[in-house]
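Residue numbers begin at 1 in each chain, while the letters A, B, ... track the order of the sequences.
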Amino acid sequence: MKEFNVINSRVPRVDARAKVTGDARYTADLSMPNMLYGALLQSPHAHAKILNIDTSAAKKLIGVKEVVTAKEASPIKFGLSPARYDEMMFCMEKVRYVGDEIAAVAAVDPDTAMEAISLIKVDYEELPAYFNIFDAMKEGAMLIHDDYPGNINAEVHQEFGNVEEAFKQCDYIRTDKFVNKKQDGAFIEPQACLANYDMDGNLILYSSTQAPHYVQRILSMVLNVPIGKVRVVKPYVGGGFGPKASASTLELTACFLSMKTGRPVKMVFNREQVFMHSRARHQFFHELTTGVKKDGTLVALKNTCYLDGGAYSSFGIATIYYAGSLLGAPYKLPNMKYDGYRVCTNTPTCGAQRGHGGVAARAAWEQQLDIIAEELKMDPVEFRLKNIMQRGDVTCNDFNMSSLGMKECLEAVRDGSEWGKKKGKLPKGKGIGVACGFFVSGAGYPIYRSDTFHSTAMIKLSEDGGTADLYTASAEIGQGSDTILSMIAAEAMGIRYENVKIHSGDTDFGVDLGAYSSRQTLMSGHAVKMAGEDVKRQVLGVLSNTLKIPIEDMDIKDGFIIFKKGNVDFSGLRSYYIKEHRGWTDQPAGDKLTFKEAARIAYLEKGVVVGGGAYKPGELGGKYKGATVGTSPAYGCSAQVVEVTVDMETGKITVDNMTDAHDCGFAINRTNVEGQMQGSLSMGLGEALFEEVKFDPNGKVANATLGEYRIPTALDMPNVKTIIVESDEPNGPFGAKEVGEGAIMPTIPAILNAVYDAVGVRINELPITSERIFMALKDKEKK
Amino acid sequence: MLLLPKFDYYEPREMSEALKLMSKMKTSAKIIAGGTDVLVNMKKGLISPKSLVNVARISELSDVEPSNGTISIGSGLIVEKLTEFDIIKKKLPILFKAARVLGSPLVRNRATIGGNIVTARPAADLPPALLAVDAKLKLVGAKSSREVSLDKFFIGPGQTVIKPTEILSRIIIKELPPFTGGDYIKLGHRNALEIAIVAVASRITLDSPDGVIKEARIILSAVAPKAIHAVSAEKALKGEKPTAKLFEKVAKLAAGDCAPITDIRGGAEYRRAMVAALTKKTLMNALNEAKGK
Amino acid sequence: MKQIITLTVNKEIYEIAVAPNRTLTQALREDLNLLGTKEGCGIGDCGACTVILDGRPVNSCLILAVQANGSEITTIEGVANGRDLHPLQEAFVEHGAIQCGFCTPGMVLSAKSLIEKNQNPTELEIREALSGNLCRCTGYQKIVEAVKIASENMKK
């Protein structure tokens with residue numbers, strides 16, 4: 001076992017004290033002198049031609065400084081995937097969903113801005129609107145975008161092996177359908193931003209974003225400001241989970257209004273706007289056909305999926321690929337076919353959300369696998385174990401399992417939940433279910449085609465050697481990356497955690513693609529580790545010259561220089577250091593040379609002690625179309641056992657116990673890993689039992705509040721028995737890989753399987769409300 | 001950030017002052033106490049009263065007064081206090097139970113019993129419990145005051161018999177006879193921060209611990225424009241010996257007594273079925289309480 | 001028209017002029033610059049704006065600043081004693097009860113109200129006391145554990 005001084009521990013988060021005292025500043029907490037407040041005019045119609053916009057009354061209102069529409073704004077289209085840039089700052093000719101942005105104002109205070117918005121008069125001609133994919137795909141349906149015939153925004157067709165041939169060799173084949181509902185991110189902090197375009201042409205945007213780098217590029221492209229003059233800064237962010245990973249009209253508008261007025265402009269979403277902006281989980285309609293042999297060997301899977309993407313593309317091109325590519329694994333499956341269709345509707349745009357693209361597919365398949373196991377009279381755990389992949393295996397779609405503790409996870413939850421004592425032995429109304437999950441550890445490629453580095457990092461030592469300033473553009477959004485990266489930096493340099501000071505979330509600090517696809521621990525972590533090792537090498541290099549000892553004979557650990565070949569006389573260095581700090585009371589003492597002393601010597605020699613690191617994934621598998629979505633330097637996996645009670649009278653489900661094991665490669669911070677697991681399970685429980693964005697007959701979100709859109713409360717979420725599995729990922733820094741998203745994967749199917757065990761009904765539509773269970777029970781009675 | 005529209009604000013310290021203000025401003029003014037309803041509706045743009053009259057500082061509105069076999073509760077009493085006063089817990093356990101499941105602790109610390117009544121929401125938590133114990137309301141006007149039984153108070157969603165110039169001052173409940181038991185069950189999606197899909201409040205009074213049902217109330221909530229009595233179910237209980245079988249039958253009658261709709265929280269068919277399930281459950285619990293179990 | 005009100009916030013007395021349509025959240029954030037109180041929904045659904053008002057935790061987004069005139073208020077800024085964290089805050093820091101931190105001020109204040117009234121809260125009592133404060137990050141488990149640990153530490 002390797003020994004570490006900082007990582008694999010439970011040190012508190014670097015930002016915990018700031019957050020627990022209310023000191024932490026989020027974007028909405030920021031203000032600037034002479035600041036204006038912006039507000040948006042959003043469409044009340046789901047699909048309508050804009051005939052005329054009259055801003056004259058708004059412009060006349062006292063306190064209004066600027067009113068802008070598509071006429072004034074940039075016509076450059078943007079989005080996430082360059083091949084599908086289909087959004088504009090403001091709607092030009094028509095609106096495509098209730099909430100589509102039409103105009104904006106800047107005024108001296110929020111009340112005036114809102115009043116001005118109410119004074120803008122827009123004439124519309126309503127068009128036929130489609131609130132589900134079936135209507136949108138109907139022959140003769142009006143196109144929502146001229147570029148997407150049949151309102152099909154994207155199609156994917158992939159086949160690995162030969163599914164039809166393989167089905168011929170199967171003893172048992174079954175087909176099931178499954179559908180989830182649109183989920184909302186429901187982060188507690190609504191999006192906010194503050195822009196300032198200064199007199200020298202520098203644009204700075206403070207934004208509650210997950211991906212400062214992508215926002216920077218879009219601002220530069222759309223507003224035509226050189227990228228070097230665009231700085232995006234991410235203050236503390238109150239959760240993101242995916243929807244905050246794309247540049248938005250809110251951000252562009254704040255910048256544009258600042259450019260027009262010459263004053264800082266602040267804009268904040270209210271909760272209803274968060275729901276309308278969405279960019280959260282798609283609705284997926286899956287049809288899965290799985291074939292197996294009598295002995296339980298998985299042979300083939302055919303997966304057809306229709307995605308309701310809403311009005312624009314956003315992250316959807318990645319989503320449609322993920323909805324296919326994340327199945328198969330973590331099981332050995334030689335034949336897999338996928339047909340995906342992403343359909344545009346006149347509803348808020350869907351994008352990425354925790355477990356991007358894979359959550360509904362996973363729920364559908366893991367429930368089907370349970371049905372198959374029952375048909376084959378196999379224990380669901382044994383059935384899964386029989387097909388499980390291990391380290392070194394490669395999937396039929398060319399994903400390389402450079403590490404995979406799937407078997408260990410499954411065995412851990414089986415034993416940790418006392419599965420053997422409970423499965424099939426619980427009284428009616430009580431049930432137990434199991435499921436596995438699998439996810440990427442960082443997207444192998446950026447969302448725009450590029451050879452860019454995915455993460456860079458820089459570490460600069462203070463002149464006294466006491467502090468290492470770590471600069472990274474990575475995005476701390478609550479998941480804990482600042483803590484993880486500080487720990488990695490400290491470990492790599494051999495110094496203490498408290499001596500690292502992290503500066504992150506700022507495009508001036510380098511390049512980092514941001515907090516999405518569970519990438520930062522692995523990718524930003526690599527860059528930071530390289531930078532730390534660079535610093536260490538430089539300090540030891542100077543020391544080597546000074547003390548005439550080969551570098552290989554020295555190391556740095558826990559803030560001290562280690563001389564591997566016995567004691568070294570460093571008294572000269574120490575007196576030098578002390579002389580440099582005459583009058584100071586914290587002079588070094590003791591028989592060990594401190595890093596601080598060594599770093600001071602290095603500073604005196606070099607003037608600047610800066611270490612750098614840059615990471616991009618090496619060659620990844622897959623040469624087929626779409627191989628860029630799903631291939632990753634590493635894969636995380638997890639297993640869960642869930643126990644439920646179903647009230648037979650009302651159908652109400654109570655989740656009593658959850659046992660979760662996750663292979664995160666290597667836990668940099670054990671408390672954080674558990675936190676990610678528990679948080680993922682809570683979001684999964686919400687999607688399984690409560691969460692559903694609903695629409696009124698006009699396509700407006702009908703439950704755009706946290707009262708009617710229900711995320712779990714403290715009384716709905718049970719305690720989770722949390723088991724960390726470490727498989728030592730060769731492609732991860734110190735062996736680490738993801739935990740932030742993969743952990744959600746097994747939750748929904750494990751609940752579904754437990755509900756079946758409890759009451760004998762299979763539910764193919766989320767959420768599993770008490771009403772849905774009750775009706776299913778009633779149907780079963782009739783049969 | 002959600003903004004409030006502009007309004008004039010009044011803060012009377014005496015009831016008379018409040019009544020004077022209301023008789024002057026009538027429908028252009030709204031009374032505010034806890035604000036958990038009025039301010040939400042104002043922020044959502046559903047209402048924009050010209051004036052708000054805050055009655056929270058009128059001290060006589062926020063006490064509990066037991067006297068001569070009645071309990072009189074000031075309309076301004078916050079819901080959390082209903083769960084803190086011993087007298088409520090002991091003498092009106094059904095109200096205690098309903099108060100415990102309203103919204104969340106943060107809401108219960110502001111919302112008032114009066115507010116939960118006058119807003120006349122079809123799924124409000126306190127009215128079913130109060131109807132089950134035959135509560136009366138004291139409505140005070142500038143010149144006269146009147147007592148209205150809660151049964152006659154609600155007209156429909158958001159509508160009551162209260163006049164714009166009147167203020168609900170007290171909720172008056174006669175102490176319940178011996179061998180009485182009650183229960184309130186609210187079915188929501190989550191275990192907190194919920195508005196009921198269906199809720200049922202039941203109360204029965206026996207003539208003796210092992211005797212027949214002397215009086216029965218079954219109140220159904222969120223299945224009609226206002227909380228309603230399950231009329232035929234109540235009738236079927238009267239004079240009968242309480243048994244599981246009787247409750248089963250009565251539960252079915254209750255399901256027939258309501259007229260639920262399908263809305264964002266649940267379907268009509270499910271709601272009707274839940275009326276039966278909760279009626280049975282609440283009656284069983286009420287019986288146990290009546291028998292002193 | 002603005003009205004002059006007096007608020008005692010974190011033991012300091014403030015006299016401010018506010019329009020009637022300003023919420024307590026706005027007064028605290030904008031007039032007193034106490035930015036630790038967050039707004040997550042504005043209508044009492046999330047609890048991010050929780051403050052302790054005259055001894056009770058409440059949603060400050062649903063209280064008019066003028067309604068709070070004369071009240072005593074504790075915000076998150078008033079929980080620690082200078083640089084010394086309150087035992088609850090210590091426990092939140094040590095036991096991983098914080099992720100994004102946006103719900104944290106409200107959680108701490110709801111928990112503080114609880115343990116001031118109940119020195120031995122059970123897990124269920126803690127969960128009930130926090131049931132008006134939504135957290136999307138943690139799954140609540142480490143928050144509940146931290147409150148329990150703090151309540152035990154405070155007895156020592």
Side-chain angles (χ1 to χ4, degrees), chain B residues 1-13 29-46 48-57 62 76 78-81 83-84 100-112 115 188 190-195, chain C residues 1-3 5 18-27 29-30 38-71 106-107 109-111 113-114 117 124-134 140:
Chain B
M1 174 166 286
L2 271 179
L3 301 170
L4 281 166
K6 288 189 179 124
F7 53 85
D8 294 326
Y9 178 76
Y10 301 89
E11 202 173 79
R13 303 275 167 153
K30 264 241 167 251
I31 289 172
I32 180 173
T36 55
D37 193 88
V38 173
L39 294 181
V40 172
N41 288 338
M42 287 173 73
K43 284 188 176 187
K44 286 181 175 171
L46 302 175
S48 48
K50 206 176 153 288
S51 307
L52 285 184
V53 177
N54 178 21
V55 294
R57 292 189 197 271
S62 37
I78 60 167
V79 174
E80 188 65 20
K81 280 199 180 164
T83 70
E84 290 169 358
R100 289 255 308 158
V101 296
L102 185 149
S104 75
L106 302 173
V107 175
R108 296 197 284 274
N109 280 333
R110 288 299 291 177
T112 62
R190 295 182 290 193
N191 292 320
L193 279 168
E194 273 301 312
I195 297 166
Chain C
M1 204 180 64
K2 284 191 176 180
Q3 302 184 9
I5 61 167
V18 292
N21 68 343
R22 295 289 108 169
T23 63
L24 181 56
T25 309
Q26 285 174 308
R29 287 176 58 85
E30 292 162 20
K38 305 301 180 196
E39 182 159 319
C41 72
I43 54 172
D45 288 330
C46 79
C49 65
T50 303
V51 299
I52 301 176
L53 178 82
D54 295 329
R56 292 178 184 273
V58 293
N59 290 310
S60 63
C61 73
L62 287 187
I63 296 171
L64 301 174
V66 287
Q67 281 183 297
N69 188 12
S71 294
M107 286 286 180
L109 290 164
S110 279
S113 284
L114 169 71
K117 289 185 194 113
L124 183 64
E125 286 168 337
I126 295 169
R127 287 182 178 274
E128 273 173 359
L130 302 180
S131 64
N133 297 83
L134 295 177
Y140 302 101

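In this structure, the portions of C:N69 lying under 4.5 Å from any heavy atom of chain B include both its backbone and its side chain. When heavy atoms are compared at a cutoff of 4.5 Å, C:A129 approaches chain B solely by way of its backbone atoms N, CA, C and O. Heavy atoms of C:C61 lying under 4.5 Å from chain B belong to its backbone as well as its side chain. For a residue to count as touching a neighbouring chain, one of its non-hydrogen atoms must lie under 4.5 Å from one of that chain's; by this rule C:L64 touches chain B with backbone and side chain alike. Heavy atoms closer than 4.5 Å to chain C are found in the side chain of B:R190, but not in its backbone. Neither the backbone nor the side chain of B:A111 comes within contact range of chain C; no heavy atom of the residue lies under 4.5 Å from a heavy atom of that chain. Interface residue C:E128: backbone and side-chain heavy atoms are both found under 4.5 Å from chain B.
Looking only at heavy-atom pairs under 4.5 Å with chain B, the residue among C:C41, C:G47, C:P57 that has the most is C:P57. Taking chain C as the reference chain and counting heavy-atom pairs below 4.5 Å, the highest number among B:P105, B:S104, B:G34 is found for B:P105. Contact count versus chain C (heavy atoms, under 4.5 Å) is highest, among B:L3, B:L52, B:D8, B:I32, for B:I32. When the candidates C:L53, C:I63, C:L134 are compared by the number of heavy-atom contacts under 4.5 Å with chain B, C:I63 comes out ahead. Between chain B and the residues C:G40, C:S110, C:S131, the largest count of heavy-atom pairs under 4.5 Å involves C:S131.
Side-chain atoms of C:Q67 and B:R110, non-hydrogen and from C-beta on, do get closer than 4.5 Å to each other.
Applying the side chain to side chain donor-acceptor pair (under 3.5 Å) definition to pairs two or more places apart or across chains, those involving residues 46-62 of chain C are B:E84-C:R56, B:N109-C:R56, C:T25-C:S60, C:T50-C:N133, C:D54-C:S71. Listed by first and then second residue, the salt bridge (Lys or Arg N to Asp or Glu O under 4.0 Å) pairs involving residues 31-43 of chain B are B:D37-B:R121 (not counting sequence neighbours).
Across all non-hydrogen atoms, the minimal contact from B:Y9 to C:P20 is CB-CB, 3.6 Å.
One distance of note links CG of B:L106 with SG of C:C49; it measures 8.0 Å at 0.5 Å rounding.
C:K117 NZ: more than 12 foreign heavy atoms inside a 6.0 Å radius.
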